[in-house]
Amino acid sequence: MKQQIQGLVQDALEQLAAQGALTLEAFQGELPTPQIERTRDETHGDFATNAAMVLAKRAGMRPRDLAERLVAALPSSPAVARVEVAGPGFINFHLAADAYHAQLAEILISGPDYGRSQLGAGKRVQVEFVSANPTGPLHVGHGRGAAYGAVVADLLTAVGFDVHREYYVNDAGRQMDILCASVWLRYLELCGEDLVFPSNGYKGDYVWDIAASLHREHGDDYRVEAGQVFAGLPPDEIDGEPNGDKEAHIDGLIENAKRLLGDNRYRFVFELGLNTILDDIRQDLAEFGASYQEWYSERTLTESGAVNRAIGRLRECGHVYEQAGALWFRSSAFGDEKDRVLVRDNGQTTYFASDIAYHMDKLERGFERVIDIWGADHHGYVPRVKAALKALGDEAERLDVLLVQFAVLYRGGEKVQMSTRSGEFVTLRQLRKEVGRDAARFFYVMRRCEQHMDFDLDLAKSQSADNPVYYCQYAHARIESVLRQAAERGILVEPSSGTKHLERLETEHELALLKTLSRYPEVVEAAALSHEPHLLTHYLRELANALHTYYNAHQFLVDDGTLRDARIKLILGVRQVLRSGLGLIGVSAPAQM
RNA sequence: GCCCUCGUAGCUCAGCAGGAUAGAGCAACCGCCUCCUAAGCGGUAGGUCGCAGGUUCGAAUCCUGCCGAGGGCACCA
């Protein structure tokens, strides 16, 4: 619809140019695409353009004069009822009701395709999201990234991009070793060994579960005397140990574990921990409606030599130097605040080195656009990754990093403390169990991602009008209910008369609803391109409101056959858009509530 | 200290590639069910858009400074 208006203004501009009223030289040989906006105030019509004001200076005309000439040059269109120049030089378009009737007909014909488009033209886009370390279950912080990433990916798909959803699995590195050691120590405790669990170990119950399965399946096969395990370790950072160092302590434990268990057995425990947790994360995300095309292993990056290749490329470009036994990347030359280590003095490559290799690989895989969705706590990481891509000569602009702020949970008006130690829930699974998937998905994307979010658990759970999820779903359920009753009365629910009788839709409420429906494609497009799912949740609330208002004001199943037919078609259109929109954010559209 | 994000109605938030009187939902107050689910609808009230400058025909929106909130500044991942 918007494009239709845009086309008209474009034609008018071209005509003025042809008449010599606008000289192309002022625009470097090319006329700008006019900006068309929905009006905020309905007395200003349906659409408006500020083209005359924007172009006035270069055209050497006063805005209102240019506007008048543009209006005179506009081709006539049955969709436009009236055009006027207003204010400082706006051109306002009042659409004919028929234009909206035609749009409804299109919705009914297109069905689920209404709102989808080919804007993305099949361009390949990668969306990497969540990518939490597989050292424990996902918590509610990851939940927001999961919901946000899934919706951004689905929105991009809806507007025609070929989207590749990916999870980067940090299956290498120290944190995984700490998990492995934690599992093993718990196992030893189950074997009857007496030990003091390290303060830096993973203490969650899930560690006990993994240890228990190891003990159940393998008895004492992995048992080593606790005295040997803790032999020669630096003291832990616990009460009564003034010189304790929890980092050194756990690193020593890992060393001992590797030595005492030997490669194979260590590997076995390590894999058991990794796979158990990764399976749990996979299942959790699947249940949350976040699907992936690929789970990309950090370990394969090292094993395939990609990390060394990345370092090699940086070295060839001359952006690498050695200092104090470590290998550094001169990231400060590319916008980072300081240089970063690639290879530590102990010979191990850093996480950053893997990440360079990973992003290099992403771009090499030919994605036109690479979107990383990270927690806001990683924002300091953005400049160095971009620096690496710049240094490698890759187009760093192809990478978009979207930062998702944390969500703070509230229950009973009180902030829910998020420490692992407190008894209050922290996992995504617990959140889903408490408020349900629909509410969780909706609430998580209701706010702009860079906005700090207050997540009100009581509201998310409440089955009331205050709850935006129920409010939108209820609109859908109400329509279904009307259709059920129509069927009971023997009224054709799928009208056989095609798009006839739509002209009977003429009340204020019907036109408002039609207008809202016509905005849907624009909302999907804007939400997709700007990565802002909240535009869609806001829209759905508006649409539901328009439906509820209509429902209260008019009876749908009236005796007048053509009117009834038209009204049923209208609510069928609303049902379609509610379904599509809720579907895009991963929320169900129930037939009954 | 430096960097990032945010600061809009009592609360939670939209609006920000500048545009015509600043919007919504809660909460408050007043109304609406003999009628397809009142899990609904309508109305009233409520704001010097953190503060101060600047850019321009026009600034909540762009720029600078300050104040406030959160986060980040590892040879951790």
Side-chain angles (χ1 to χ4, degrees), chain A residues 35 37 39-41 43-44 48 50 53-54 56-57 62-63 86-90 92 131-133 135 170 172-176 178 200 247 298 323-328 336-338 340-355 375-383 403 405-406 408 410 413 446-456 459 462-471 473-475 477-486 488-489 509 530 532 534-535 537-539 541-542 544-545 547-558 567 571 592-593:
Chain A
Q35 295 301 307
E37 298 174 342
T39 56
R40 224 177 282 176
D41 182 338
T43 64
H44 297 143
N50 61 359
M53 289 182 290
V54 174
K57 203 172 239 173
R62 282 184 298 188
F90 289 100
N92 294 335
S131 299
N133 284 347
T135 52
N170 296 118
R174 184 164 167 264
Q175 294 306 317
M176 290 307 302
I178 294 176
N200 220 15
E247 306 293 347
E298 178 188 0
Q323 188 183 304
L327 192 68
W328 295 71
D336 195 8
E337 53 188 18
K338 56 184 257 193
R340 310 287 173 177
V341 172
L342 296 171
V343 184
R344 283 183 256 163
D345 58 4
N346 64 8
Q348 287 201 320
T349 56
T350 58
Y351 175 83
F352 178 46
S354 298
D355 231 4
D377 54 333
H378 284 68
H379 77 78
Y381 216 75
V382 179
L403 300 171
Q405 291 288 343
F406 294 124
V408 179
Y410 284 83
M446 214 161 55
R447 308 284 176 236
R448 282 165 57 208
C449 69
E450 61 265 42
Q451 184 75 246
H452 302 254
M453 181 169 74
D454 288 339
F455 193 126
D456 185 335
L459 180 60
S462 81
Q463 308 208 348
S464 77
D466 314 350
N467 186 341
V469 189
Y470 280 88
Y471 186 83
Q473 291 181 317
Y474 181 44
R478 266 188 154 172
I479 293 170
E480 291 280 14
S481 172
V482 172
L483 296 175
R484 275 194 300 274
Q485 307 216 12
E488 278 167 25
R489 296 189 210 171
H509 294 112
S530 59
E532 292 182 335
H534 73 276
L535 296 177
T537 58
H538 282 268
Y539 169 82
R541 211 195 177 284
E542 275 181 63
N545 176 244
L547 186 276
H548 289 309
T549 303
Y550 183 42
Y551 183 96
N552 270 44
H554 300 280
Q555 192 78 16
F556 306 154
L557 303 179
V558 291
R567 287 185 170 168
I571 61 172
Q592 244 174 309
M593 290 175 74

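First the proteins, then the strands, lettered A, B, ... as listed; each starts at 1.
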Can you check the [X] [atom1] to [N] [atom2] distance for me, whole Å?
X	N	atom1	atom2	answer
D456(A)	C13(B)	CG	P	10 Å
Y550(A)	C36(B)	OH	C1'	12 Å
F406(A)	A69(B)	CZ	P	19 Å
N133(A)	C76(B)	CG	P	15 Å
M446(A)	A14(B)	CE	P	9 Å
I571(A)	U37(B)	CD1	C1'	13 Å
Y410(A)	C26(B)	OH	C1'	16 Å
H554(A)	G42(B)	NE2	P	12 Å

Closest-nucleotide mapping onto RNA chain B: is D377(A) or T43(A) further toward the 5' terminus? I mean the 5' end. T43(A)
Can you tell me which nucleotide in [options] comes closest to the side chain of [X]?
X	options	value
V341(A)	A77(B), C75(B), U37(B)	C75(B)
V482(A)	G15(B), C75(B), C36(B)	C36(B)
H548(A)	U37(B), C41(B), G19(B)	C41(B)
A48(A)	C76(B), C36(B), A20(B)	A20(B)

Got a sec, which residues hit salt bridge (Lys or Arg N to Asp or Glu O under 4.0 Å) with [X], two or more places apart in sequence or on another chain?
X	value
E542(A)	R519(A)
D355(A)	none
R174(A)	E247(A), D251(A)
E480(A)	R575(A), R579(A)

Heavy atoms under 4.0 Å is the rule here; annotate nucleotides 3-12 of chain B 5' to 3' with B where the base is hit, S where only the sugar-phosphate is, and - elsewhere. BBBS-----S
Nucleic acid footprint by protein, nucleotides 28-35 of chain B - heavy-atom cut-off 4.0 Å, B for base, S for sugar-phosphate alone: -------B
With sequence neighbours excluded, tell me which residues meet side chain to side chain donor-acceptor pair (under 3.5 Å) with [X].
X	answer
Y351(A)	none
R447(A)	none
E450(A)	R448(A)

Whenever both distances are under 3.5 Å in a Watson-Crick or G-U wobble pair, mark it; put RNA chain B into dot-bracket that way, with [ ] for crossing pairs and | when the partner is on another strand. (((((((..((((.....[...)))).(((((.......))))).....(((((..]....))))))))))))....
Heavy-atom contacts under 4.0 Å between residues 343-351 of chain A and RNA chain B, which residues?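 Output list: R344(A), D345(A), Y351(A).
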Heavy-atom side-chain proximity of H548(A) to R478(A) below 4.5 angstrom: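 Yes, close enough: below the 4.5 Å cut-off.
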Sub-3.5 Å pairs of nitrogen or oxygen atoms, protein against nucleotides 55-62 of chain B:
none

